[in-house]
Each structure stands twice: as structure tokens, then as C-alpha cells.
Amino acid sequence: MRLTDVVNLDVEAMVSDAAAHGVDCLIVSAGGFTAWYPTQLSCQRRNPYMTGDFLGEVVAAAKRHGLQVYGRMDISKGYVEWYQQHPDWYAVDADGTPIRYWELHETCFTGPYFQEYNLQIIDELLTNYPLDGLFYNFYLLQSCHCERCQEVVQTAIGQRVPTGSRLDPTYERWRHQALADYTARIRNRIHHHRPEARLMVYHHLQKGWDPRLMADAVDIWTAQASSPLLRNPLDPQPAWLYWIGEEVQKGQVLKPGVPPMLWLSYSEMFASRRVLQPADRLVTHIAQGAAYGASVCPSLNGVPGRQEDPRPLQAVAAKQHELERLAPFLEKTTVPTRVALVYSPDSFWFGPDQGEPGGRKHGHLPEFRGLYAALIDSRYPFDVLIGGTLNAPTLQRYAVVILPALHCLTDADALALDRWVRDGGCLMATADTGVANADGHPRTRPAAPVFAPLPGEAQSATGGYLRIADPALRAALGGSSLIALESAFLPLSIQGAHTDLCLLGPFRNNAPEFTFWEGGTVGPPGLVHQHFGQGHSIRLPWYIGGLYNTAAIPEYPVLLGWLLEQVTGPSPIMTNAPPSVQVVLREQHRPSGTRWLVHLINNTAAAERPLLSTVVLPPVTVRVRCPARRVYLAVADHEARATRDGEWISVRTGSLFQHELLVLE
């Protein structure tokens, strides 16, 4: 809410309008540095434009319409003039300067605003209003250098707040645990007042946040997926087409059985704050969240009936009503897969990424996202697993587990993976996987035999190629004997292993006359295949994911799919749709039998442009390996003619706009 939105606001009409858009829950401004109700606490400032009780009116109207209401809280910041009166509320940097975000001061985690006044606000809110829960915006433990923080940190870990540019694992892990403990404390305070109320907090790749710990501390896992066309200059996030699905898949493994909530907050330009949202872009992301099984919350400034640009909300309403109709096909679904991709928070913080929101070159996050996209483009369904939580019951569900540049590998994960491989699993590891422990300290020997040997020192591969020896792989690539390579290469030398993709070059002289190879010696292999017990490992000592994330090299998903096919057989789904169509395969088990669900999400836009206006595609053919006999096109709302060929059922869609859902019974 903008402060002035309360002026002459018809709350009943606002809530009625929201309900008419198909929503079942409102998250509305409540407390923190601005109170949207007549607070009696001096630690909040009442909205100066409010004359009555905005929050009370919203709750009453929402209950009449059968909607839930969560109060939106923000204790991360405060007004500049408050700093003169209460400097102990606020965080400071190493030279004592108050830390500011936009035009507000950021609060100090160890100070009274967090530790005392927030709890008083919770008490006042939940004593006076029957809220269904609280949502905390911009929720993090800011790194503060005030004397109080220095004393707290010194007592906890035996050192002062670090000032270096690299993340200090000891201090960062204190931040992670302290924030999780505090979150559990406010969750318990909420439950004391209203046992059925739930806590959700903002997650946006902020430093000082451990998703594994936070998942246990909250009632509902939430994540924000911001995708403005022009990014936030204070917190730049890269454009990432599959961000919504990525966060949903993480949330489902971190807090199983509780659908994650995805907060879609973006605009054409971040500084314009959630107006002029490209409608097709927003709807496509809503479809992606729903396909993966999340609740999706579009965030907009202002109230529905007063939008300067009504187009995004109209599109949301149409999509939301469609999703209401599709609800039976969206709930309690799983991915039918034996492939898993591991995300490592430790590698993100303490590896080359150093917690940068978009990751860094040769970091884990670009490698993870590149392999995530390559799996989608190769049409292989997959689950996401979280590093630091791997164990035998989890691993035994999969035939292949992929480690994308898992720089920081915990001892427990390494031993669990080693046992799983020896029992028959296939481990696929890329780039510098396993070179450091959980805190980023370099290993002098491998964490487990399956990770031996450690990769050699990285060398530049710019101007080089990988030469394919296997004729079957050449055939999969249309006869090509080369795969392009750039960036770093980490040589591996393993006696007795099967190798391929040997390095040619790199060629330093890139003048056309000299870009030839006369034969003879080739470099180290880019693919090393080794057996362990009943299983095996496949190691790709280069940044296949990072390069695909950057440049979408077309051979990379083909290579990945070919390797997976050797282990798991062909993908259970095939289509002639272009790669810009995301295919999400889900499975739904019911008393009457299994149902297979295929979401086709059309991300096709004009060439060399971000997704602004979806390009309508001609009908596509989809083949699924399953025993279904009937196919229903749920978005188009009609039966489809299907044909069967052995294990496969084929169906042809109509013209594909933003989203279609194939229901196979």
C-alpha cells in the first residue's frame, strides 16, 4: 500500500474487487515502521493519511467474503529522523555510518527494535485483530558493526564482526543460526496468540540467510522472484526465466507437504515499483509457479480499483479464475523422475559466488542454473535436492544425482553419495566439485573415494574445443566431432577410467588461417567415466552449466540428455515444441488411479527481446511414456484425440498461447 491509498478508500469495495479477481488471501500492510491501524506503541508511526482503522476494516470485510488476511510487517528499516532519537535501533557500517536503503535507515538485529518492539507489535496486532498470519518483508540480519553487535558476536564466536570483502564462515554461520532462532521465537509468539495463524518471511538470496535452518523456523516457506526489465540498482538480480520453478522445487524439499508461496514482485523498471508489469510475463510466471505446485502471490502497489495501469491485474484475474478451474489437476502432484540436481547453499556463500545474488563466473549458482535450464531443454524431468541434507533414504529414489560445481561439499554429503554410488547410483559432477569443505577451506584430499582425485589446477580453455570419440555421441550431435569450449578447464587424471571429450587447443592465434589442428597429442579428457562397486561416476571437469547459463550453447543439453539416457533410458516426455516452450511433467496419485499432467508454458517472445508479449505457436505434438488412454486439454477445456504406440501415447495440441495443461488419465 502507498501511504495515500487510504484517502477516501472504500475498503469494502477494495476487498470485494480483490475477491472478484479470484484470490483467497490478502496480504496487506499492517505494522512495523508504519502502522496501518491505530497503534498505541511509540515504536510505530501511524500512517499520517489514515483517519480510521484500515486494518480492522480490511479484516472485517475479508471475513465477510471468506478471504484470509495476513498482516504485512516491515521491521527492517526506520525513518531518518528516528535515528536522532534512537540511534541504538539502527545498524552501522565499519566506520560507524548508519546503513541506509533508499531513504530509510536499516535496523540493527541486536537492538531493541528487533528484540523488544517487534514482539510488542505482534502482541498488539494479534490481541486486537483475528489475522490468519503475518508476513515479514525484507527479512534479514543486517551485518552491523555497532558496539552492541561487536560484544554479542565476540561472546558468541570469539571474534568481532569481520570487515573483509570475503565472507567469514564462522560469522556467517552465526548470522544464519541467530536469524533462524529469532524467527522461531516470533513464530512461537504468534502461535501463543493464535495457534492456527502462520508465519511467512521474505527470502530473496540475501546474505545471512540459511534456507535449511529457516525452513524449520517458519510455517510456510516463501521466496521472492523479482524479474524487472530494468533491475534494482541496490540489489541487482539477474534475469532468470526459471526462477519461479527453481524456488518452488527448493521449497518443496525444504518443507515437504506444505506448498511454498512465491511472491512475484517486479515491474518494467524496479525504481517504478510494481507498476507497468508486462502482463504476459506476469501470467507466464504465475503458470510456472502453479505447474510446480506453489501458491503464487502477485505483488502490486495500490489497490485494485485504482491502478494507473489495469492491464496486469486484468491478466492476473483471468489466469487466477482459470487456475481455480484447474485446481483438481494442480494439487498434491510430484515429479515422476529418477534424476536430481543439487543446490548447495554452502557453495553459494563460501565458494566463488561469495553470496552474490547472481553468482559469479565459475561459481555454483550459474552452474546450477545452467544445468537446470539444460535439463528443461533436454526434456528430462528432475527434482532439486539441497546440499547439506543428503542421506540414504533421499538418494535411493534416484538413478542419477548431478552436482553442479559443488565447490563446498560437506563430509556427510560426500560419504552418503559414495555409499549410494557403490549401491548402484550414478553421480554426475561438474567443474570444481568437492575441492573444498563446507566452509570453503580447500581440501588436500578427497572427501570420499568417489571424488578422487581432486581436479587439477584450472587452466584457460578459451579458444579450445572438446573432441568427441564416441560415435554414438557424434550421431546424437548430428555428426559433429567437436563441442565448443570456453572459460576454465580442470584436468583430471584417473588410471583405468573411460574417457572422452579430450581437449583440443586452446588455440591462441584466432586468425582464420591458423584455426586448424594437425592431429597428434590431445589434451586431458572433458569426460571421465569410472565404476565404483555397482555404480559409477561421470565427471565433467569444466563449466558446462555456467557456459549454458551464459550463452545457451546448443550442444550442451544434447550432451547432458545423451549421458542421462545411458543411465535412465530416454526421457519420459518428447515434443516437437521449440526450446522456448517449458515442459513440466507431474504425476498425481488418486484412489481411482494415476494421472499424468503435462504443462506447456510458452516463453516464446520476439527474437533478442525479453518476454514481453507471448508469441502464439502453431499446434505441437507431445509424446508421454505412460499407460494413459485419454487426454484432456484442460486450459482449452476439451478432449483431445490421442494415439498409442507401444509404451507411448501421443497427442497434438491446438495453437499454444501462454499455457496449456494436458491431463492424461
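Every value quoted in this text rests on a predicted model; they were computed, and no experiment measured them.
Distance alone, capped at 3.5 Å, is enough to place a donor-acceptor pair between the Gln307 side chain and the Val303 backbone. A donor-acceptor pair is defined here as one N or O able to donate and one able to accept, closer than 3.5 Å; no such pair exists between the side chain of Lys319 and the backbone of Val283. At least one donor-acceptor pair closer than 3.5 Å links the side chain of Thr284 to the backbone N or O of Asp280. Although no hydrogens or angles enter the test, the distance criterion places a donor-acceptor pair under 3.5 Å between the side chain of Glu660 and the main chain of Val635. A donor-acceptor pair is defined here as one N or O able to donate and one able to accept, closer than 3.5 Å; such a pair exists between the side chain of Asp353 and the backbone of Leu365. Distance alone, capped at 3.5 Å, places no donor-acceptor pair between the Gln582 side chain and the Leu600 backbone. In this structure a side-chain-to-backbone donor-acceptor pair under 3.5 Å is missing from Glu367 to Pro404. Remark: side-chain polar atoms of Gln588 are paired, donor with acceptor, to backbone N or O of Glu331 under 3.5 angstrom.
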Query raised in the report: Between Trp209 and His203, does a ring-ring contact (aromatic ring centres under 6.0 Å, His included) hold up when you go through it step by step?
Result: CA-CA 8 Å; Trp209 176 293; His203 172 40; 4.6 Å; yes

Report task. Verify side chain to side chain contact (heavy atoms under 4.5 Å, CB included) between Arg586 and Val335, making sure each step is shown before the conclusion. Result -> CA-CA 5 Å; Arg586 308 286 289 189; Val335 182; 3.1 Å; yes

Report task. Determine, stepwise, if the pair Arg325 / His321 fulfils side chain to side chain contact (heavy atoms under 4.5 Å, CB included). Result -> CA-CA 7 Å; Arg325 181 169 58 81; His321 287 305; over 6 Å; no

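For the pair Gln142 and Ala91, the tightest heavy-atom approach, listed with the atom from each and the gap, is CG-CB, 3.9 Å.
Residue Glu103 places its CD atom among 12 or fewer non-hydrogen atoms of other residues, nucleotides or ligands, all under 6.0 Å distant. No more than 12 heavy atoms of other residues, nucleotides or ligands shown are found within 6.0 angstrom of CG on Asn8. Applying the 6.0 Å contact sphere to CZ of Arg46 captures more than 12 heavy atoms from other residues, nucleotides or ligands. Annotation for Asp10: atom CG counts as buried by contact number, over 12 foreign heavy atoms lying within 6.0 Å.
Between His285 atom NE2 and Leu241 atom CG the span is 5.5 Å, to the nearest 0.5 Å. The distance from the OG atom of Ser76 to the OH atom of Tyr139 is 11.5 Å, given to the nearest 0.5 Å. Note that the CD1 atom of Ile122 and the CZ atom of Arg185 stand 9.0 Å from one another [nearest 0.5 Å]. Atom CD1 in Ile190 sits 9.0 Å away from atom CG in Asn188 (nearest 0.5 Å). Taking CD from Gln658 and CD1 from Ile601, the interatomic distance works out to 11.0 Å, rounded to the nearest 0.5 Å. The SG atom of Cys297 sits 9.5 Å away from atom CD1 of Ile286, with the distance rounded to the nearest 0.5 Å.
Checking Asn118 against Tyr136 by side-chain atom types alone, a donor-acceptor pair falls below 3.5 Å. Between the side chains of Tyr129 and Asp53, at least one donor-acceptor pair of N or O atoms lies under 3.5 Å.
Every residue meeting the side-chain hydrogen bond (donor to acceptor under 3.5 Å, both in side chains) condition with Arg212, not counting sequence neighbours, appears here in chain and number order: Asp210, Asp346.
For the pair Phe382 and Ile376, the minimum side-chain heavy-atom distance is below 4.5 Å.
Of the charged side-chain nitrogens involved, none lies within less than 4.0 Å of a carboxylate oxygen, so that Lys63 and Glu12 do not count as a salt-bridged pair. Between Arg369 and Glu246, at least one side-chain N (NZ, or NE/NH1/NH2) sits under 4.0 Å from a carboxylate O, which counts as a salt bridge.
Checking each of Arg187, His191, Arg198 against Asp219 for a side-chain hydrogen bond (donor to acceptor under 3.5 Å, both in side chains) leaves exactly one that passes, namely His191.
Screening residues 370-381 for side-chain hydrogen bond (donor to acceptor under 3.5 Å, both in side chains) gives Gln249-Tyr372, Asp377-Tyr548 as the qualifying pairs, with residues at least two apart or on separate chains.
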